[in-house]
Amino acid sequence: MKPDFDVTIEPIPAFDDNYLWLLVRGSQAAVVDPGDAAPVLQRLQQRNLSLQAILVTHHHGDHVGGVASLSRATGARVHGPGAEAIPARDVALAGGSRIDVLGVAFDVLDVPGHTLGHIAYHAPALRALFCGDTLFAAGCGRLFEGTAAQMTASLAKLASLPADTRVYCAHEYTLSNLRFALAVEPDSEALRRRQQACAALRRRGEPTLPSTIAEELATNPFLRCSEPDVRRAAEARAGGPLPTAESVFTVIRQWKNVF
Ligand code: ZN
Ligand code: FE
């Protein structure tokens, strides 16, 4: 295993609430989901970095908008889901693929739900997960293309990664997700503590990310559909029994959409 201390992972904020994650090793870099090329090019220039790789999780504009011009400007190889239309893609990926990025192995996971071809990148040696719009801090992506069954399975796959895996999501949605999570589990001490910690970070203008799989297991309602408190809240909302984790997920996902 490569030591992880010589790879740094830093956010490049873009649009209202996107993070384009930049991985840096020495003078080389890779970027995940560059929805905009300009702030990435600016950071590369400032730091005198050469961009080797672009990793794309899914086809939405705020994740691919800068891909073509970035790859043209830098020659970086574009990796993305084979099942979706990704601009300038060089390497088509699917679950089970393994790629080398800056000398580090990244495993590709299929995580359909938000979109049908959505993939996530897991680097075990970095204890890092880049999950696009599938898993958010205290939340999950909307079901634009997939089903609740697909999303529940995708989230379960991510939840089964090592607990100390750092979760690099693509949006700063944490505080609004935590408000909803507290509506689902109002008695959760862990949620209250997390809300205070994240609110303090935002007051200082800092990202609330990465989180960890352990934190998500403890506080993310969409990973907690089998917990009695979450099921009870969903049943109260639905006005009837919800026998499966998937039916609980369906109710809280719809509840969140109108929260
Ligand atoms: Zn998206
Ligand atoms: Fe997005």
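Numbering starts at 1 and runs along the sequence shown. Both ligands and their constituent atoms are indexed starting at 1 by order of listing.
- As for His60, its N/O/S atom nearest the Zn ion (ligand 1) is the one called ND1.
- Looking at Glu215 and Arg193, no side-chain N of the basic residue comes within less than 4.0 Å of a carboxylate O on the acidic one, giving no salt bridge.
- Seen from the Zn ion (ligand 1), atom NE2 of His58 and atom NE2 of His114 lie 100° apart in angle, a value rounded to 10°.
- Not one N, O or S atom of Asp33 sits under 2.8 Å from the Fe ion (ligand 2).
- Within His171, the N/O/S atom positioned nearest the Fe ion (ligand 2) carries the name NE2.
- When the N, O or S atoms of Asp133 are ranked by distance to the Fe ion (ligand 2), OD2 comes first.
- His122 and Asp107 are not linked by any side-chain donor-acceptor pair at a separation below 3.5 angstrom, with hydrogens and angles left out of the test.
- The Fe ion (ligand 2) has no N, O or S atom of His58 under 2.8 Å away, backbone or side chain.
- Looking only at N/O/S atoms, Asp62 comes nearest to the Fe ion (ligand 2) through OD2.
- When all heavy atoms are compared, the tightest approach of Ile213 to Leu135 is CD1-CD2, 4.3 Å.
- For the residue pair Glu145/His58, the side-chain donor-acceptor check at 3.5 Å is not satisfied.
- In the model, Glu246 has no side-chain atom that pairs as donor or acceptor with a side-chain atom of Thr152 under 3.5 Å.
- His118 has its ring centre no less than 6.0 Å from the ring centre of His60.
- Looking only at its N/O/S atoms, Asp133 has OD2 as the one nearest to the Zn ion (ligand 1).
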